[in-house]
Protein chains: 2
Amino acid sequence: MSTISDVAKRAGVSAMTVSRVLNGTGHTSAHTRARVEAAIEELGYVPNALARQLRSKRTKTIALVVADISNPYFTTIARGVEDFFVAHGYSVMYCNTDEDEAEEEQYLLMLIERQVDGVLLVPARSSGESFRLLQSHRTPVVVIDRRVTSRNVDSVRCDSEAGAHSLVEHLVGLGHRRIAMLTGSPSISTSMDRVLGARRALEEAGLELPESMIHYGSFNYGKSNQADGHRMAMDMLAGPEPRPTAVFCANNFIAFGAIKALRESGLRVPDDMSVVAFDDLPEEWVSEPFLTVARQPAYEIGHRAASLLMDHITGSQAPTGQSVILPFELVLRRSSAAPNPDVAAAVVTARAAGPVGGRATLPSPAPVAIANAGPAHRGSGPDEAIA
Amino acid sequence: MSTISDVAKRAGVSAMTVSRVLNGTGHTSAHTRARVEAAIEELGYVPNALARQLRSKRTKTIALVVADISNPYFTTIARGVEDFFVAHGYSVMYCNTDEDEAEEEQYLLMLIERQVDGVLLVPARSSGESFRLLQSHRTPVVVIDRRVTSRNVDSVRCDSEAGAHSLVEHLVGLGHRRIAMLTGSPSISTSMDRVLGARRALEEAGLELPESMIHYGSFNYGKSNQADGHRMAMDMLAGPEPRPTAVFCANNFIAFGAIKALRESGLRVPDDMSVVAFDDLPEEWVSEPFLTVARQPAYEIGHRAASLLMDHITGSQAPTGQSVILPFELVLRRSSAAPNPDVAAAVVTARAAGPVGGRATLPSPAPVAIANAGPAHRGSGPDEAIA
DNA sequence: TTGTATGCGTTATCAC
DNA sequence: GTGATAACGCATACAA
């Protein structure tokens, strides 16, 4: 309500002196500083950030643009980002694109209009039109979670290819030979890197990952709030015999939908089908963790990307086109086990007759084996690789 | 980069004409409009929202201030808020207070500085210093999730007292007599309303809820990322004999921590102890929903609060001090069952000897009974009550 | 140590 | 229908 000149009048000084007291710039005598502070207190004066930002050309605001902030993976990234930037006096704006290019562009335009100091972006497409818009307006940008084709932009992500390789290698080691894959959109690098890793693991074992075993869908629920993993798993079960004995879901939401579909179809995990996936839920949320996963270091991804963006904002380091690749962690749980040929055969005939009897469904809660994947497979450093 | 006068020069008109074209205000001939639009396109001009906001005194931005946006309850509220405001051309800023008064005040000051048009607030304390700060700066505010003592502020929340009453009534109906309660901070109205509801249900059955059966803690993880429900459940188990046969957790995070503590202590749910709670996880995230809960209509809470705030912002309706109370939904699942005196007695002697044998642990997946609680217990309308 | 003039980019107001 | 001028609230550059 009251302005800097109101304070100035009341303190009997100029507006400039008030400004100096507020910002701690220049020198002011203890006496006038006290008078100014008293006036500020009396008027309940709060500076207008808009005017300040317009003048100084810095908003002390950055934006985090992701597919869906309610995905725990992105939520954890967000905490890493927020912790870093709040500690440095910045505010963070969150934007959900639902993987939609049009929404993404609209948000980026809005952010440019609002003069944010920088953007952390999970791009809906790898082609990179989106961050070119930012760059043309001299807005620093760091890409998160995905590869992009441009050579001018820094990015931070997890090693998807290696994580997928480890998960599928684990399945193959258990004896699985027919492994299906449920992944995201082919236009997202993360989707495809996980396909590549899975395929590499299979080929190393003399097996194949034919396109007919790969189902493409969406990583998130989108506006329909529908789990695409459910549909993909149904498609998989409706496919040609023999049924796969294991399925690799390329992210958490896909896995949830798939598991629900399997249950509805009367199939048991892992007896009738093993399930492995990328991404973990926060351990506090799950009383009996069940799913074998490659866990991404989401908090660190957010924190590292934030730190990198800050370097670009302050100008202490220009973008070099580097990719920071952080290692995953393989977490083995009960959803993956050796294939059971008897049950698999039985189910084929009993498919319309509901759940199959036989072995125990849920093993009693057991200690969870955690194998640390260590550095990325082509890693060089102790806890990360710079590619 | 380029400004409105750059565009004006290029189009051979005044800045004012460009402004008119941009905003669609006043009259401009089709010819000059075309020239202006061409210049905008050629320069890649994007208006500066800061200058615009400084001039117009409206930022088209509102803030949602909650304890922790990674709590699915608040995340769902946030979607309701965002859907409403984005549809009306507003941006939403998210702020996490971790229930900390100091952080809350800091955020509110920041929001006032940034001249947000309104604030949706989950206050850390019911006393209401926080929104008095907003009101003194003429910033519209609507309180979410909690009662406040002030008569001048509108609020939207779920009927905590009735929800707690229903859950405990359900436990009593199953035969439970010793029911413990794990709740949040006593300074949060939601914590206490749920205690009151539980107590009323017990007293209606001629039972009591003594203070010794109530454990107070934190609704969220806070910075330590520790589940307080775990500690409270441990305290409960370390309490005097006989042990309670059921426990009511006042929110989802408390329930997760408590269930983990019970499992670590070798107790089975519901065989050794029934568990009921407030709040549900999104159904997509849980393959076999297990917990009996009172589900709050989080999306609607967010949406209604947003709509109310918008009325205050546009001035179409002044705050009247009303409380919008939305009904909960009782969802009965496998975590609550009749008490089992045999097992309870056995466990007392076997406490140091690890898990107790006997009955089956996890019943096989069964259809879930959903009882709709209908309108709030003192409700008047078809789907809500205005108190 | 303090004050004055000026401009950040936009829009309201008035004049033409 | 279009343009000149002032002002939003603050901070930079320079002067005293």
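In this text, all values refer to a predicted model and were calculated from it rather than measured experimentally. Chain letters run A, B, ... following the sequence lines, proteins first, then strands; residues in each count from 1.
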Provide, to the nearest angstrom, the distance between the [atom1] atom belonging to [X] and the [atom2] atom belonging to [N].
X     : N      : atom1 : atom2 : result
A:L50 : C:dT11 : CG    : P     : 14 Å
B:R20 : C:dA12 : CZ    : P     : 10 Å
A:K9  : C:dG3  : NZ    : C1'   : 16 Å
A:R58 : C:dC8  : CZ    : P     : 18 Å
A:N48 : C:dC8  : CG    : P     : 18 Å
B:D6  : C:dG7  : CG    : C1'   : 15 Å
A:H31 : C:dT2  : NE2   : C1'   : 14 Å
A:Q53 : C:dT10 : CD    : P     : 15 Å

Does a side-chain N or O of [X] approach OP1 or OP2 of [N] to a distance below 4.0 Å, or not?
X     : N      : result
B:S5  : C:dG9  : no
A:T17 : C:dG3  : yes
B:N23 : C:dT11 : yes
B:S56 : C:dT10 : no

Closest nucleotide of DNA chain D for B:M16 versus for B:K57: which of these residues is on the 5' side? B:M16

Check: [X] side chain, [Y] main-chain N or O, donor-acceptor pair, under 3.5 Å:
X      : Y      : value
A:D83  : A:G80  : no
A:T139 : A:Q135 : no
B:S307 : B:H303 : no
A:D98  : A:D100 : no

Check this for me: [X], atom [atom1], are more than 12 non-hydrogen atoms of other residues, nucleotides or ligands nearer than 6.0 Å?
X      : atom1 : result
B:Q106 : CD    : no
A:R58  : CZ    : no
A:E113 : CD    : yes

When the axes are fitted on five pairs at both termini, how much does the helix from C:dT1-D:dA16 to C:dC16-D:dG1 curve, in 10° steps?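 End-to-end axis angle: 40°.
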
A:R55 (side chain) and C:dG7 (base): donor-acceptor pair under 3.5 Å: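 Such a pair exists between side chain and base.
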
Please evaluate residues B:N23 and B:T25 with respect to the criterion side chain to side chain donor-acceptor pair (under 3.5 Å), reporting the C-alpha separation (whole Å), side-chain torsions for both, the decisive distance (0.1 Å), and the verdict. CA-CA 5 Å; B:N23 296 291; B:T25 57; 5.1 Å; no

Chain B contact limits on DNA chain D, taken 5' to 3' with a cut-off of 4.0 angstrom to heavy atoms: D:dG1 to D:dG9

From CA spacing to verdict: side chain to side chain donor-acceptor pair (under 3.5 Å), A:S155, A:R157: CA-CA 7 Å; A:S155 63; A:R157 62 184 187 275; 3.3 Å; yes

State, without any angle test, whether A:R33 and A:T28 hold a side-chain donor-acceptor pair at a distance under 3.5 Å. yes

Is A:T25 touching bases, backbone alone, or none of the nucleic acid, heavy atoms closer than 4.0 Å?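 The residue A:T25 makes no contact with any strand.
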
